[in-house]
Engineer: 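Take this structure, written in structure tokens, and hold onto it; I'll ask about it next.
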Amino acid sequence: MEHTDTDHPDTLLIIDGHSMAFRAFYALPADTFTTTTGQHTNAVYGFVTMLLKLLEMERPTRVAVAFDVSRHSFRTEEYPEYKGTRGETPPEFIGQVELIGEVLDAMGIRRLTRDGYEADDILATLATEAAARGWDVLVASGDRDSFQLISDRVTVLYPGQGPGDLREMTPEAVQEKYGLPPAQYPELAALVGETSDNLPGVPGVGPKTAAQWLAKFGGLENLLARADEVGGKRGQALRDNLEEVRRNRRLNHLLTDLDLGVDVEDLRRGPTDRRAVEDLFDVLEFTGLRRRVLSAADIGLVAEEAAGNGSSDAAGPQEGDGDAEAREDLSLTVVGPGTDVSEWTARVVGPAGLWIDGSRRPGSGDAERLALADGTRVLVAETSDLEPGQEAVVGEFLADCPGLVVHDGKGTWHALRGRGWTMHAPAFDVELAAYLIRPEQRGYAMETLVQRYLGRAPDPAAASDALFELGGPAPDEPEAPTSAQTAAARAAWACVELSTALAALLEEHEESHLMGEVELPLQGVLARMEDTGIAMDPGVLDTLRGELSSGVERAASEAYKAIGRQVNLSSPKQLQEVLFDQLKLPYTKKTKTGYTTNAEALQELWVRTQEPFLEHLLTHRDRIKLLQMVESLQAAISPDGRIHTTFSQVVAATGRLASSDPNLQNIPARTADGRRIRHAFVAGRGFESLLSADYSQIEMRIMAHLSRDAGLIEAFNSGEDLHRTMASMVFGTPVEEVSPDQRTRIKATSYGLAYGLSSYGLSQQLGIPVPEAAELRERYFERFGGVRDYLAGLVAQARRDGYTQTMFHRRRYLPDLSSENRQRREMAERAALNAPIQGSAADIIKIAMVRVDAALREAGLSSRLLLQIHDELIVEVAPGEVGDVTRIVSEGMASPVHMDVPLEVAIGVGRSWMEAAH
DNA sequence: TCAAACCCGTC
DNA sequence: TTGACGGGTTTGAC
């Protein structure tokens, strides 16, 4: 009965057990995965989740997991230091590999080991054998040595950043990433070295150089033979390390001919021992996984046992589970002339994925192509081809559908708005969800999310994508979809699939509230803020530009006169020549490429030397920076006379917003000259004034509340100037006798603390010797011990959990807390201090924005939110509404939860932002 | 053309 | 050797 179907070749899944378990261990916090008996289970959980995902997605016909027997192998025989840098096994990891073994046994999955060899060699042997039979092979391994196995038949699944994130390494992927074919990867690795295996490479040679050499000389052998032809420092380094490179190459070669005493044919899964699974998962205290393990019991089983009857050898995706049946119903409709769109929309039940192609810019969006997907069907339309009736139906659907699932809902909103459509508030946004789950990640492009959370390759040719089961348009459709239409359809479809996966993760993280009550509602608020924009007074900008540009010219010519030649004053490199070679000024602090020419250093140099050039240079810097800003603001004014910035809701790891194109969150405020730019931001036509409302010392208030430090709380509640009061408490002088200098020191210490400032940093900041700064810190902590304990606790907790949390459960993962690299580790520690404080402030003002926006609209006012600058809101006030707006803003910005220190909001009103500020 | 380095504006 | 951003210019490699 059992044979290989030519359309669905056998697939072998082989997993490097130890390395994948170890990856899972570091990807998930050990502390949240602990049984009542104290056994840690994070590696088991991560491993089993990954295994299930692979079984469900790939449906392999053969499965095996290979384990190392011990640290000793033929490689340590040759080179005792091999993998010698690996430290002691973390105590939390102990016992978890055994547990994984038991799970595998219960699931009927073969475990393989071979004394004297590594799991990698077992993988290599099996992969080679299976590929020779024409099977597809998936190798899950966290060891890059496995890349040498990659071929058209063999794909390596290599762990990426997050838990459960596996990257499909194909020959193309290796070529793209390293610039050479997989078979040559070990040659590159031999040159570069592998820290985790304790195999040093050639110093100064990274992947780029290595790939270049290999391409130039045609492989490692030739390179080593002709090493004397390689010039430069790196050439010498290569010649000095020829033996090491040869040794690396010997050690990273995987054996493909081990005698494992088992045939790949025999790697069918055995039956799942349900009883054993139940017992084991009781011990592990896993609940959700149990069901998935049991329902995956038939994947990869011997055909005869699979469905309880003998007729299933045509197997493959059609095999009788719910998913496959649903897929047969899938349909793709490309809207053409006369297509009855309402027939399609009327049948939508449940969530509807929505994807738009076209510009997503505020104020100039355009939805060129639109795709809608429900659980079983996808509809695609070129919007410019829609007939009026069709357009009306789509518009009505978008405006009324309560179950929209989107990616970047704000951009989608702008795109639809460009065509005059309105969009119902989305029920879910997969980009926002992915951000909340891992806010420190870089990008959340659709393809990235599909790969990360659905485990599918972004490549349209990937056969595992359900959409390709669609097989094109339904028979009665005249047009086949274009590739752009297919891509849009896939994206809309993926929105729905992703929303289920991500909603579960949010729930697990206790971030569902943040999503549903904060980020999603805020998205709509931000869309309207961007769409509205802020009015500019072009006259003010013109005047400023004139003044500034003559200021720039004057400063430049004075500067040139002082040194007798013209240089590019914006070039740090040329400035260094002038300062240190020509003028022979004392050196400033070192940078990577020389000596710094930043304003602080120049200022200090000027005080010491009175060199006139420095003064002109500083003036020039200052003027040109402002000029630049004025010009970029002028260029950003839309035809409506307003600037429409973009607020990004998914870039800042702490939860803050970011503003760009142009950035309106860094308009000068500190110097009088710079502040003049704020005169140009005004109330627009039909409005009376701008209102600015900002939180006073919100971060210190959060610190007081969270640390429960009695002294700090008392300082706040005294109602006096905070820093003065704190200074009097630290220095033991009456409040009225606190000197300005004492106040400055305490203020700097306070704010420095939330950033992880060292004594050195504090000394620099205040211009005092380090011991004095250290003493200041000491005295501060003596008086505010609760703050010290709280901050220390933050880092300890972050190290334990792997992440920090804000007052509203916003997480930030900090993998670098366990970095071997001191600099990285210390940076992560400082971030751990800062994230809960900065992030809680971000939570609070986001909630305030949602409340203020809702209250303004409910009150039927025309006044509207325009900008957010981290702790400040700008509202455009309609005539006669100042009183109401002031009240609404004050109430909306009041703390959403009780705090031991109340939040204080300062409000100002004026014709321009400058006048509204206080 | 692109990335890295430097510099600097905000909170 | 203080957190979080966006963005300008120069420079050098490609």
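Lettering follows sequence order; numbering is per chain, from 1.
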Engineer: Without decimals, in angstroms, what is the distance between Asn663(A) CG and dG8(C) P?
Structural biologist: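 My rounded result for the distance is 10 Å.
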
Engineer: So which one's nearest nucleotide on DNA chain C is more toward 5', Ser570(A) or Gly752(A)?
Structural biologist: Gly752(A)

Engineer: Considering only dG3(C), dT11(C), dC8(B), which nucleotide approaches the side chain of Met827(A) most closely?
Structural biologist: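 For the Met827(A) side chain, the nearest candidate turns out to be dG3(C).
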
Engineer: What does Gln838(A) touch in the nucleic acid at a heavy-atom separation under 4.0 angstrom: a base, only the sugar-phosphate, or nothing?
Structural biologist: base

Engineer: State, without any angle test, whether Glu519(A) and Gln649(A) hold a side-chain donor-acceptor pair at a distance under 3.5 Å.
Structural biologist: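 Present: a donor and an acceptor within the cut-off.
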
Engineer: To the nearest 0.5 angstrom, please state how far the CG atom of Leu626(A) sits from the OG atom of Ser549(A).
Structural biologist: 12.5 Å

Engineer: Taking only the side-chain heavy atoms of Val651(A) (C-beta and beyond), determine which of dT2(C), dC8(B), dC5(C) contains the nearest atom.
Structural biologist: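 So the side chain of Val651(A) is nearest to dC5(C).
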
Engineer: Between dC6(B), dC5(C), dG3(C), which nucleotide has the shortest distance from any of its atoms to the side chain of Ala658(A)?
Structural biologist: dC5(C)

Engineer: Under 3.5 Å, is there a donor on one side chain and an acceptor on the other for Asn821(A) and Ser819(A)?
Structural biologist: no

Engineer: Whether Ser632(A) contacts dG7(C) is assessed here as follows: a side-chain N or O lying under 4.0 Å from the phosphate OP1 or OP2. Is that the case?
Structural biologist: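 Looking at the OP1 and OP2 atoms of dG7(C), neither is under 4.0 Å from any side-chain N or O of Ser632(A).
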
Engineer: Between atom NZ in Lys589(A) and atom P in dC7(B), what is the gap in whole Å?
Structural biologist: 12 Å

Engineer: Does the distance from a Lys or Arg side-chain N to an Asp or Glu carboxylate O, for Glu782(A) and Arg788(A), drop under 4.0 Å?
Structural biologist: no

Engineer: So does Arg670(A) get a side-chain nitrogen or oxygen closer than 4.0 Å to the phosphate oxygens (OP1/OP2) of dT10(B)?
Structural biologist: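 Affirmative; the distance criterion is met.
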
Engineer: Do Tyr755(A) and Tyr751(A) make the cut of ring centroids closer than 6.0 angstrom?
Structural biologist: no

Engineer: Is there aromatic stacking of Tyr760(A) on dT1(C) here, judged by a ring-centre distance under 5.5 Å and a plane angle under 30°?
Structural biologist: yes

Engineer: Indicate, with a heavy-atom threshold strictly under 4.0 Å, whether Ala835(A) touches base, sugar-phosphate, or nothing.
Structural biologist: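 Touches nothing.
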
Engineer: Please give, in whole Å, the distance from dC5(C) C1' to Asp661(A) CG?
Structural biologist: 14 Å

Engineer: Are Thr591(A) and dC6(B) close enough that a side-chain N or O sits under 4.0 Å from OP1 or OP2?
Structural biologist: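 Answer is yes, contact under 4.0 Å.
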
Engineer: Report yes if a side-chain nitrogen or oxygen of Ser659(A) is closer than 4.0 Å to either non-bridging phosphate oxygen (OP1 or OP2) of dC5(C); otherwise report no.
Structural biologist: no

Engineer: Mind checking Lys625(A) for me? I need base, sugar-phosphate or nothing, with any heavy atom below 4.0 Å counting as a touch.
Structural biologist: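 Here Lys625(A) touches the bases of the nucleic acid.
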
Engineer: To the side chain of Gln628(A), which of dA4(C), dC6(B), dT9(C) is closest?
Structural biologist: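 Minimum distance to the Gln628(A) side chain belongs to dT9(C).
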
Engineer: Examine Arg438(A) relative to Tyr813(A) and say whether NZ or CZ is less than 6.0 Å from the centre of the six-membered ring and inside a 45° cone about the ring axis.
Structural biologist: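 Here Arg438(A) passes the 6.0 Å and 45° test against Tyr813(A).
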
Engineer: Taking the same atom, C1', in dA4(B) and in dT2(C), what whole-Å distance lies between them?
Structural biologist: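 About 23 Å, rounded to a whole number of Å.
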
Engineer: Counting only side-chain N and O atoms of Asn834(A), is one of them less than 4.0 Å from OP1 or OP2 of dT2(C)?
Structural biologist: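 Checking Asn834(A) against dT2(C): no side-chain N or O falls below 4.0 Å of OP1 or OP2.
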
Engineer: Grab the CD1-C1' distance between Ile845(A) and dC11(B) for me, whole Å please.
Structural biologist: 10 Å

Engineer: Checking all strands, does Asp694(A) fall into the base, sugar-phosphate, or nothing category for heavy-atom contacts under 4.0 angstrom?
Structural biologist: nothing

Engineer: Using atom CG of Asn666(A) as one end and atom P of dC8(B) as the other, report the distance to the nearest whole Å.
Structural biologist: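 Nearest whole value for this atom pair: 14 Å.
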
Engineer: With sugar-phosphate meaning primed atoms plus P, OP1 and OP2, does Ala599(A) contact a base, only sugar-phosphate, or nothing at under 4.0 Å between heavy atoms?
Structural biologist: sugar-phosphate

Engineer: Give one of base, sugar-phosphate or nothing for Thr596(A), where a contact means two heavy atoms less than 4.0 Å apart.
Structural biologist: sugar-phosphate

Engineer: If you only use heavy atoms from C-beta on, which nucleotide in dA5(B), dT10(C), dT1(C) is closest to the side chain of Ser758(A)?
Structural biologist: dT1(C)

Engineer: Measuring to OP1 and OP2 of dC5(C), would you say a side-chain N or O of Ser648(A) lies under 4.0 angstrom away?
Structural biologist: no

Engineer: Lys590(A) NZ to dT1(C) C1': how many Å, rounded?
Structural biologist: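 Interatomic distance, NZ of Lys590(A) to C1' of dT1(C): 17 Å.
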
Engineer: Could you check which nucleotide pairs with dT2(C) in any of the strands shown, counting Watson-Crick or G-U wobble with both distances under 3.5 Å?
Structural biologist: none

Engineer: Using a cut-off of 4.0 Å on non-hydrogen atoms, how would the nucleic acid contact of Ala754(A) be classed: base, sugar-phosphate, or nothing?
Structural biologist: nothing

Engineer: What nucleotide among dT10(B), dA4(C), dC6(B) has an atom nearest to a side-chain atom of Ala652(A)?
Structural biologist: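 Nearest to the side-chain atoms of Ala652(A), counting from C-beta on, is dA4(C).
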
Engineer: Return the value, rounded to whole Å, for the distance between atom CD of Gln823(A) and atom C1' of dT1(C).
Structural biologist: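 Rounding to the nearest Å, CD of Gln823(A) and C1' of dT1(C) are 9 Å apart.
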
Engineer: For dC11(B), does the base pair up with any side-chain atom of Arg656(A) as donor and acceptor (N or O, under 3.5 Å, distance only)?
Structural biologist: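 Per atom types, the contact qualifies.
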
Engineer: Over how many whole Å does the gap from Gln868(A) atom CD to dT10(B) atom P extend?
Structural biologist: 17 Å

Engineer: Side chain of His870(A), heavy atoms from C-beta onward: which of dG12(C), dC11(B), dA4(C) has the nearest atom to it?
Structural biologist: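 For His870(A), the side-chain atoms sit closest to dC11(B).
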
Engineer: Taking atom OG of Ser550(A) and atom CZ of Arg545(A), what is their separation to the nearest 0.5 Å?
Structural biologist: 12.0 Å

Engineer: Could you tell me whether Arg812(A) contacts a base, only the sugar-phosphate backbone, or nothing, with contacts defined as non-hydrogen atoms closer than 4.0 Å?
Structural biologist: sugar-phosphate

Engineer: Side chain of Ser571(A): nearest nucleotide among dG9(B), dT10(C), dA4(C)?
Structural biologist: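 Among the listed nucleotides, the one closest to the side chain of Ser571(A) is dT10(C).
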
Engineer: Answer yes or no: is there a side-chain heavy-atom contact under 4.5 Å between Trp913(A) and Ile677(A)?
Structural biologist: no

Engineer: For Gln765(A), report the nucleic acid contact type (base, sugar-phosphate, nothing); a contact means any heavy atom under 4.0 Å.
Structural biologist: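 Result for Gln765(A) = base.
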
Engineer: Under 4.0 Å, heavy atoms only, any strand: does Ser759(A) hit a base, just the sugar-phosphate, or nothing?
Structural biologist: nothing

